[in-house]
Amino acid sequence: MIDLKQLRENPEHVQARLKTRGEFDLTPILELDRQQRELEVERSQLQARSNEIGKRVGQKMKSGAKPDDPEIQSLRDEGNDVKAKLSELEPQEKDLKAQLEAILLTIPNVPSDTTPLGKNEDENVEVKRWGDEYLPKNSDILPHWEIGETLGILNFERSARIAQSRFVTLIGAGAALERALIQLMLDKQIAAGYTEISPPYLVNTASLTASGQLPKFADESFKCDRDDLWLTPTAEVPVTSFHRDEVLSSDELPKHYCAYTPCFRREAGSYGRDTRGLIRLHQFNKVELYKFVHPDTSEAEHQTLLRDAEAILQALKLPYRVIELCTGDLGFSSTKTYDLEVWLPSSGKYREISSCSNCKDFQARRGNIRFKEAGKKGTQFVHTLNGSGLAIGRTMSAILENYQQPDGTVQIPDVLQPYLGRDVL
RNA sequence: GGAGAGGUGGCAGAGUGGUCGAAUGCGCUCGACUUGAAAUCGAGUGUACCGAAAGGUACCGAGGGUUCGAAUCCCUCCCUCUCCGCCA
C-alpha cells in the first residue's frame with residue numbers, strides 16, 4: 001500500500017512516479033481522504049461530548065442523585081441527541097474509509113528512483129551475463145520435455161488425466177532430481193544464513209492481500225470456496241504473513257528466511273504460451289528467499305539477495321543473465337526488480353528462473369509489519385524483499401537441456417551428484 | 001463433528017454497568033544507595049488516528065446491539081485449551 005501521508009504531502013511526486021508504470025489517477029484518493037478527515041474531526045468532537053455526558057451522569061449518580069433528577073434527565077436527553085447525530089456520522093465515515101481502503105489496495109507500488117524507465121518488457125535492461133563458457137556446444141538440442149519423456153522421467157499425458165493440462169508427474173530419477181535440487185538449494189541458502197521455514201500451502205484472503213496478490217489478481221489463484229482459503233501462488237505469501245500484525249524489535253532485524261513450497265497458479269490469460277514442458281505449470285515447486293529488514297539496509301540487502309539466488313545457477317554452472325525490470329514491467333508490489341534468466345538452448349532464449357524484488361514498505365504496510373527501535377518513540381514499517389532461489393521446474397528444464405549429451409543422455413552437474421547419487425541420466 | 005472452559009497491556013493476573021487505557025506483580029528504562037553487582041527505594045514505561053500545539057478520539061480476540069455511559073450485559077463470528085468421535 002502506498003503511503004497516504006506521503007501522497008497527501010507530495011501528490012505530484014507520487015503521481016509522477018506511478019505514471020512511469022501506467023495510468024493511475026490518485027485524485028479520488030485525495031478527495032476521499034479529505035472528506036474522511038473532515039468527518040473524523042466532527043465525529044470525534046461529538047464523541048468527546050458524549051463521553052463528558054456519560055461522566056457527568058456517573059458523578060451525579062455516585063453522589064446520590066436519583067435517576068429522575070432533572071439534571072440527569074436533561075443530560076440523558078442531550079446524550080440521546082448526540083447519539084442520534086453520531087449514528088448518522090459513523091456509518092458515513094466508515095463507508096468513506098472502506099472506499100479509500102478499497103482504492104488504495106488496487107494502487108501498485110511506486111517504482112524506485114533508480115528503476116529504469118520503460119513501457120514494457122522490451123525496455124528492460126540487461127545488467128550482466130554469466131557462464132558463456134558453459135553454453136552447450138552441440139547444436140541439435142532437444143526441448144527438455146522430449147528429453148524427459150524419452151528418459152521416462154517426465155509424464156504430461158497421464159498428468160492431464162489425473163488433473164488437467166499444465167501438470168506434470170515426475171518418475172524415478174526425475175522425482176529424485178527434483179528432490180535433490182530442493183535439498184541443494186535449501187542447503188546452500190541455509191548456509192548463507194537463511195532460516196528455513198515450511199509454511200502452510202493454503203492461505204487466507206488477508207495473507208494474499210498483504211503481499212499484494214489480492215484484490216487485483218484473484219483470477220491468478222486457485223480458491224477453496226467454502227473455506228476462505230487459497231492455494232498459495234508463491235511462498236512469498238505465507239512468509240510475508242508469518243510476521244503479519246507484529247511489531248518486531250530492531251535488533252531482530254534483518255530476518256532472512258528461505259522456504260520450499262509448491263506454488264499454484266491458474267495462469268489465466270496465458271493459454272497459448274509455453275503449452276509444453278515444465279515452464280508454465282499450474283503447480284510447480286520453488287525455494288523462495290525472503291527478508292524482513294531495516295529500511296536503511298534494504299538496498300544493500302537486495303543486492304545480496306540477488307547474489308544468493310545467482311549462487312545457485314553458478315553452482316549448477318547454468319548460463320544466465322541478470323535483467324533489471326523497467327518501470328512498466330515491474331510487479332505490483334515491487335519498487336525494483338532483478339530477474340535472473342537461464343539459458344534454454346532448445347528455444348535459443350533466456351527464460352526467467354528467479355525474480356528478486358525490493359518491496360520496501362509496501363507489503364509491510366498492507367500486512368502491518370512494523371519494528372520498534374529501542375529508545376525511539378513509535379514504530380516504523382519494515383522493508384520486505386523476496387526472490388526465488390530458484391524455481392525448481394525451470395531449473396530442471398535448464399539442466400536437461402544444457403547438460404544433454406550427443407547420445408541422448410544427460411550429464412548431472414558436479415555439485416548435484418552427491419545429492420542424486422549418480423552422474424548421468 | 002459433539003460437549004465444556006476461556007481469550008484483558010511485553011508477560012502474569014485483577015476487574016461483572018459509571019470518572020477504567022485499565023489495580024497489583026514481574027519485566028524494561030532512568031535515578032538514588034553501592035568500589036562493582038545483587039537486594040532495596042523513587043520516577044517512568046502501549047499503539048494508531050486527527051491537530052501547529054494544547055488537546056481530542058479509538059483500541060480489553062473481531063464485528064454488531066442494548067444504555068446517558070460497556071472490559072463488564074446481549075447476538076454473531078474467529079481463535080485457544082480440555083474431554084469424546086474420526087484420522088496421518
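The sequence lines fix the lettering, A, B, ..., with proteins before strands; numbering per chain opens at 1.
Between the A/N124 side chain and the A/C326 main chain, a donor and an acceptor come within less than 3.5 Å of each other.
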Derivation and outcome, side-chain contact (heavy atoms from CB on, under 4.5 Å), residues A/E373 and A/H294: CA-CA 10 Å; A/E373 230 147 353; A/H294 191 289; 3.3 Å; yes
Residues A/I29, A/I107; criterion side-chain contact (heavy atoms from CB on, under 4.5 Å); working and verdict: CA-CA 10 Å; A/I29 296 179; A/I107 305 294; 3.9 Å; yes
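A donor-acceptor contact closer than 3.5 angstrom is absent between the side chains of A/D77 and A/S74.
Projected onto RNA chain B by closest heavy-atom contact, A/R56 and A/R76 fall at different nucleotides, the more 5' of which corresponds to A/R56. Toward the 5' end of RNA chain B, the nearer of the two residues A/R43 and A/K55, judged by each one's closest nucleotide, is A/K55.
Taking atom P in both B/G10 and B/A5, one finds a spacing of 29 Å when rounded to whole Å. As rounded to the nearest Å, B/G21 and B/G9 have C1' atoms that lie 9 Å from one another. Look at the P atom in both B/U19 and B/C59: the space between them is 15 Å, to the nearest Å. Nucleotides B/U72 and B/U16, compared at atom C1', are 5 Å apart to the nearest Å. With P as the reference atom, B/C81 and B/A12 are 15 Å apart, rounded to whole Å. Nucleotides B/G31 and B/G25 have their P atoms positioned 22 Å apart, rounded to a whole Å. Between B/C26 and B/G42, the distance separating the two P atoms is 12 Å to the nearest Å. Distance check on atom P: B/G6 versus B/A14 gives 12 Å, rounded to whole Å.
Taking the six-membered ring for Trp and thresholds of 30 and 60 degrees, A/H282 and A/F222 have ring planes more than 60 degrees apart, a perpendicular arrangement. Ring geometry for A/Y338 against A/H302 counts as tilted: the plane angle lies between 30° and 60°, on a 0 to 90° scale. Using cut-offs of 30° and 60° on the angle between ring planes, the pair A/F362 and A/F332 is perpendicular. Between A/F292 and A/Y257, the ring planes are perpendicular. Angles over 60° get that label, and only those under 30° would be called parallel.
Among the protein residues, A/K372 comes within range of the sugar-phosphate backbone only, with heavy atoms under 4.0 Å from sugar or phosphate atoms but none that close to a base. Within 4.0 Å of A/D77, counting heavy atoms only, lies no atom of the nucleic acid at all. Looking at heavy-atom distances under 4.0 Å, A/Q47 makes contact with sugar-phosphate atoms alone, never a base.
Salt bridge status for A/E267 with A/R166: absent, with no side-chain N to carboxylate O gap under 4.0 Å. Salt-bridge check for A/E52 with A/R49: passed, with a basic side-chain N closer than 4.0 Å to an acidic carboxylate O. Using a 4.0 Å cut-off between a side-chain N of Lys or Arg and a carboxylate O of Asp or Glu, A/D33 and A/R8 qualify as a salt bridge.
For the contact set between residues 33-41 of chain A and RNA chain B, defined by any heavy atom under 4.0 Å, the members are A/R37, A/E40, A/V41.
Pair assignment for B/C86: none, as no Watson-Crick or G-U wobble contacts are both less than 3.5 Å. In this structure, B/U34 makes no Watson-Crick or G-U wobble pair, since no nucleotide meets both defining distances under 3.5 angstrom. Here B/A23 sits opposite no nucleotide as a Watson-Crick or G-U wobble pair (both hydrogen-bonding atom distances under 3.5 Å). When both pairing distances are held under 3.5 Å, B/A43 makes a Watson-Crick or G-U pair with B/U29. Here B/G51 sits opposite no nucleotide as a Watson-Crick or G-U wobble pair (both hydrogen-bonding atom distances under 3.5 Å). Across all strands shown, B/G17 remains unpaired; no Watson-Crick or G-U wobble contact has both distances below 3.5 Å. A 3.5 Å limit on both hydrogen-bonding distances identifies B/G4 as the Watson-Crick or G-U partner of B/C81. Pair check for B/A70 finds none; no Watson-Crick or G-U wobble contact set falls under 3.5 Å.
Put simply, chain A comes within 4.0 Å of RNA chain B, heavy atom to any atom, from B/G18 to B/G69, going 5' to 3'.
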